[in-house]
There are 4 protein chains.
Amino acid sequence: MSRTERKRGRRVEQILAVAAELFGERGYDAVSLEDVAERLDVTKGSLYYYFAGKDELATAAIETLGSDWTGRLEAMAASAPGSAGERLRALIRAHVAIAVREYPAALRLFLVPRTWPDALRARITEMRRRHDQVFRTLLAEGLESGEFAVVATGTTLQAMHAAMSQAPLWCAGLAEDEQERAFDELADTLMKLVSPGVGSAR
Amino acid sequence: MSRTERKRGRRVEQILAVAAELFGERGYDAVSLEDVAERLDVTKGSLYYYFAGKDELATAAIETLGSDWTGRLEAMAASAPGSAGERLRALIRAHVAIAVREYPAALRLFLVPRTWPDALRARITEMRRRHDQVFRTLLAEGLESGEFAVVATGTTLQAMHAAMSQAPLWCAGLAEDEQERAFDELADTLMKLVSPGVGSAR
Amino acid sequence: MSRTERKRGRRVEQILAVAAELFGERGYDAVSLEDVAERLDVTKGSLYYYFAGKDELATAAIETLGSDWTGRLEAMAASAPGSAGERLRALIRAHVAIAVREYPAALRLFLVPRTWPDALRARITEMRRRHDQVFRTLLAEGLESGEFAVVATGTTLQAMHAAMSQAPLWCAGLAEDEQERAFDELADTLMKLVSPGVGSAR
Amino acid sequence: MSRTERKRGRRVEQILAVAAELFGERGYDAVSLEDVAERLDVTKGSLYYYFAGKDELATAAIETLGSDWTGRLEAMAASAPGSAGERLRALIRAHVAIAVREYPAALRLFLVPRTWPDALRARITEMRRRHDQVFRTLLAEGLESGEFAVVATGTTLQAMHAAMSQAPLWCAGLAEDEQERAFDELADTLMKLVSPGVGSAR
DNA sequence: CATGAATGAGGCTTCATTCAT
DNA sequence: CATGAATGAAGCCTCATTCAT
């Protein structure tokens with residue numbers, strides 16, 4: 001890889017970092033290329049040297065965003081000590097914290113797919129799958145050891161993700177310490193989904 | 001009420017039905033007045049005869065949608081027999097079924113807060129509150145009788161709603177009977193949130 | 001003239017009165033047919049039963065406005081006692097008072113002609129001519145008796161009209177009594193245009 | 001200032017020249033951005049590269065126009081020889097000549113106050129004030145030396161400006177030499193406003 | 001006569017995209 | 001590589017006008 005290519009690579013990363021941040025904050029429609037360019041002290045047109053268009057930039061940005069996000073969760077899952085339950089709870093808290101603080105509009109980002117080209121959609125799906133895998137693995141571990149019990153693995157994961165990614169909506173106006181408490185409550189609440197014990201309240 | 005007024009009322013309802021469907025499918029930004037008008041075989045400008053603008057149309061559409069939805073759940077909650085648990089489970093199933101079958105993407109409608117005028121936001125919030133109340137009441141009943149136990153009422157409701165309203169995303173391609181099973185699984189899963197027993201898996 | 005025709009005539013007059021008021025207040029562009037209709041408690045469409053379109057309505061309204069205005073000045077010119085100078089001064093004051101208080105945007109109204117059909121333009125011109133005549137007659141009288149002296153009759157009248165019709169612009173925010181003083185000052189100032197004495201300050 | 005900036009500056013000037021002409025000819029409401037763009041052989045949207053919107057463009061156009069105009073009058077007032085009367089008369093002639101020949105309908109530009117944002121209105125007011133100042137200064141000089149006499153300074157200036165800026169309306173169709181005569185007559189007529197002697201003809 | 005409804009043209013504005021330099 | 005400039009499509013909105021009832 002030549003020096004030029006590395007340089008280009010770095011530039012691309014810079015752009016993606018900024019784009020991920022903006023898209024994550026405001027969602028696809030509310031971010032214009034002008035916004036991205038301005039934050040980079042660059043002209044709109046320059047972005048086209050690196051990306052074919054807004055969709056491609058957005059997809060790449062989502063991938064960056066997801067990669068960063070997943071990467072941090074993976075690292076935490078791998079390194080965290082404690083029982084499966086302790087680690088899962090930590091994972092949930094971390095996920096929610098990232099969602100609320102860094103990518104409050106990530107949910108919005110995943111709800112535009114109807115208009116997106118299939119190719120991009122596939123990559124987004126793949127990215128979500130990888131993200132999901134972190135939780136799935138930990139869940140499987142706890143299930144195998146008997147520490148967890150669920151009604152159905154897939155459904156449980158879906159419900160967890162739904163709650164975690166919507167958290168920014170209701171944590172929007174909270175103060176720092178109120179948010180911390182909200183995270184705790186949400187984590188504790190979601191842990192009930194995997195709790196053995198009486199099962200569901202039916 | 002004169003015949004003319006009834007006629008106008010019916011027209012408004014037609015428009016709202018179409019608008020609710022479209023906004024529910026694609027979200028606020030991705031629906032243009034042109035889209036709504038076309039679906040009604042009418043010109044864009046005509047919509048302004050009934051609504052002052054896009055915001056007002058969208059709000060009315062949401063209100064219509066939410067009112068119908070909430071009304072049905074309220075009726076069910078009032079009439080359903082059985083324990084609090086049985087009724088809550090039925091409510092969850094009904095909610096999800098409506099979401100998936102009739103308003104497959106209502107979720108998108110709630111994700112535009114950044115752009116909406118305060119007045120409209122207030123009405124949407126009020127609508128959500130009323131919707132929430134149905135579940136909250138039932139939950140309170142079960143908690144009082146000791147049939148339920150939760151970490152925190154608000155958080156539990158938020159998590160439930162999140163999972164229920166995102167259901168359409170992952171139930172999209174399922175066959176009729178697969179959907180039924182998915183509803184059951186989701187209901188059972190969410191019931192764990194209110195289950196007494198060991199509490200969270202911490 | 002049948003009863004029906006008289007009734008229609010009265011309706012037309014009502015409409016014109018309202019239209020003259022509105023156009024005189026805000027100018028041509030800033031008044032919509034909706035505005036006129038609303039003030040009459042009538043539907044937009046109904047206006048088309050009496051007038052072929054906005055232009056025709058506006059022209060007729062201008063004529064009404066001008067007729068009313070000119071009529072009052074004519075009456076005053078005919079009945080007022082005193083020297084030509086005293087009567088001219090009274091006329092100026094009356095003109096300005098009407099302009100400022102009742103038709104503050106009349107000036108605006110006369111500045112749209114570029115877009116108007118020739119037929120309408122002719123009528124407006126004719127109307128202005130008649131309006132002008134009141135002043136011209138009085139001026140001629142004073143000139144003949146030697147009470148007045150002007151550089152050139154036409155130019156003097158133009159200058160007077162210009163100053164009188166622009167008065168609303170600078171009298172806009174004044175209080176009642178300040179306006180009265182402004183009227184006096186303007187009248188006195190303009191009377192210098194017809195003063196004999198040293199002629200111009202050249 | 002870089003070459004690029006100079007180029008942009010020139011483009012802005014081109015646009016402003018065209019805009020000033022059009023707005024001056026027809027008034028604010030009767031000119032669309034499409035009109036301006038077409039005259040520049042450019043698309044509507046391109047104008048937004050230079051101006052934030054119609055209001056800003058119009059204000060800048062007025063400012064350009066007024067600045068040029070005032071500048072020339074200031075220069076003339078400063079350099080012209082002769083008594084205050086001679087200089088004032090020259091100033092009036094120059095003002096009218098510019099109005100009629102170069103900005104034949106600038107008057108229209110000043111007649112949109114109802115619709116304009118406060119900020120822009122303030123700048124227009126300021127511009128008019130500066131314009132006014134040229135005449136006011138000269139008038140004050142003549143008053144102090146006893147060469148002039150007026151009823152009221154402000155009113156006199158208003159009347160003068162009104163007559164001068166409406167001149168294009170009645171000088172529209174005149175031939176070159178007729179215009180010259182009209183300018184003379186108007187100047188002589190307006191000079192009566194500052195003439196000592198018998199005062200007003202009351 | 002009057003209304004309610006609809007239309008269509010036009011206006012302002014935004015923005016992804018292109019391209020010569 | 002990057003920029004400045006321009007484009008064109010699309011969006012929201014207003015309003016004069018038409019017309020069946």
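The shown structure was predicted, so the numbers you read here are calculated from the model rather than taken from an experiment. Chain naming here is simple, since letters A, B, ... match the order of the sequence lines and numbering starts at 1 in each.
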**Message:** By the 4.0 Å heavy-atom rule, please label C/Tyr50 as base, sugar-phosphate, or nothing.
**Reply:** sugar-phosphate

**Message:** In this structure, how many angstroms lie between the C1' atom of E/dA5 and the CZ atom of B/Arg10, rounded?
**Reply:** 14 Å

**Asked** Does NZ or CZ of D/Lys54 come closer than 6.0 Å to the centre of the six-membered ring of D/Phe23, within 45° of the ring's axis?
**Response** no

**Asked** With sequence neighbours left out, what residues match D/Glu56 under side chain to side chain contact (heavy atoms under 4.5 Å, CB included)?
**Response** D/Phe51, D/Ala52

**Message:** So, does C/Thr43 get its side chain near the phosphate of E/dG4, meaning an N or O under 4.0 Å from OP1 or OP2?
**Reply:** yes

**A/Leu47 CG - E/dC15 C1' separation (whole Å)** = 13 Å

**Request:** Give a yes/no on whether any side-chain N or O of B/Arg8 is located under 4.0 angstrom from OP1 or OP2 of E/dA5.
**Result:** yes

**Comparing B/Arg11 and C/Tyr49 on DNA chain E - which has the more 5′ nearest nucleotide** = C/Tyr49

**Request:** For C/Arg128, enumerate each residue passing the salt bridge (charged side-chain N to carboxylate O under 4.0 Å, His left out) test, keeping only those at least two apart in sequence or located in another chain.
**Result:** none

Can you give me every donor-acceptor pair (side chain of residues 2-18 of chain B, partner residue at least two apart or in another chain, under 3.5 Å) with its distance?
unit_1	atom_1	unit_2	atom_2	d
B/Ser2	OG	B/Thr4	N	3.4
B/Ser2	OG	B/Glu5	N	3.1
B/Glu5	OE1	B/Ser2	N	3.0
B/Arg6	NH1	B/Met1	O	3.0
B/Arg8	NH2	B/Tyr49	O	3.1
B/Arg11	NH1	B/Gln14	OE1	2.6

**Asked** Which part of the nucleic acid, if any, lies within contact of B/Ser2, taking any heavy atom under 4.0 Å across all strands shown: a base, the sugar-phosphate backbone alone, or nothing?
**Response** nothing

**Set of ring pair (Phe, Tyr, Trp, His ring centres under 6.0 Å) partners for B/Tyr103, sequence neighbours left out** = B/Trp69

**Stems formed with participation of DNA chain E [Watson-Crick or G-U wobble, under 3.5 Å, three or more pairs]** = E:2-21 with F:2-21

**Asked** Taking CD from D/Gln14 and C1' from F/dG4, how many angstroms apart are they, rounded to a whole number?
**Response** 15 Å

**Message:** Rounded to whole Å, how long is the line connecting atom CZ of D/Phe23 with atom C1' of E/dG11?
**Reply:** 12 Å

**Request:** Return the set of residues passing salt bridge (charged side-chain N to carboxylate O under 4.0 Å, His left out) with B/Glu126 (not counting sequence neighbours), or none when no residue passes.
**Result:** B/Arg129

**Message:** Just the rounded figure in Å: distance from C1' of E/dA6 to CG of B/Leu40.
**Reply:** 13 Å

**Prompt:** Any salt bridge between D/Lys44 and D/Glu38, counting N to O under 4.0 Å?
**Reply:** no

**Counterpart residues, salt bridge (charged side-chain N to carboxylate O under 4.0 Å, His left out), relative to B/Glu102 (two or more places apart)** = B/Arg72

**Item:** B/Ser32: side chain to side chain contact (heavy atoms under 4.5 Å, CB included) partners, not counting sequence neighbours
**Value:** B/Glu34, B/Asp35

**Request:** Using a 4.0 Å heavy-atom cut-off, write out nucleotides 11-21 of chain F from 5' to 3' as B (base contacted by protein), S (sugar-phosphate only) or - (no contact).
**Result:** SBBB-BBB---

**Prompt:** How many Å lie between CD on D/Glu38 and P on E/dG10, as a whole number?
**Reply:** 12 Å

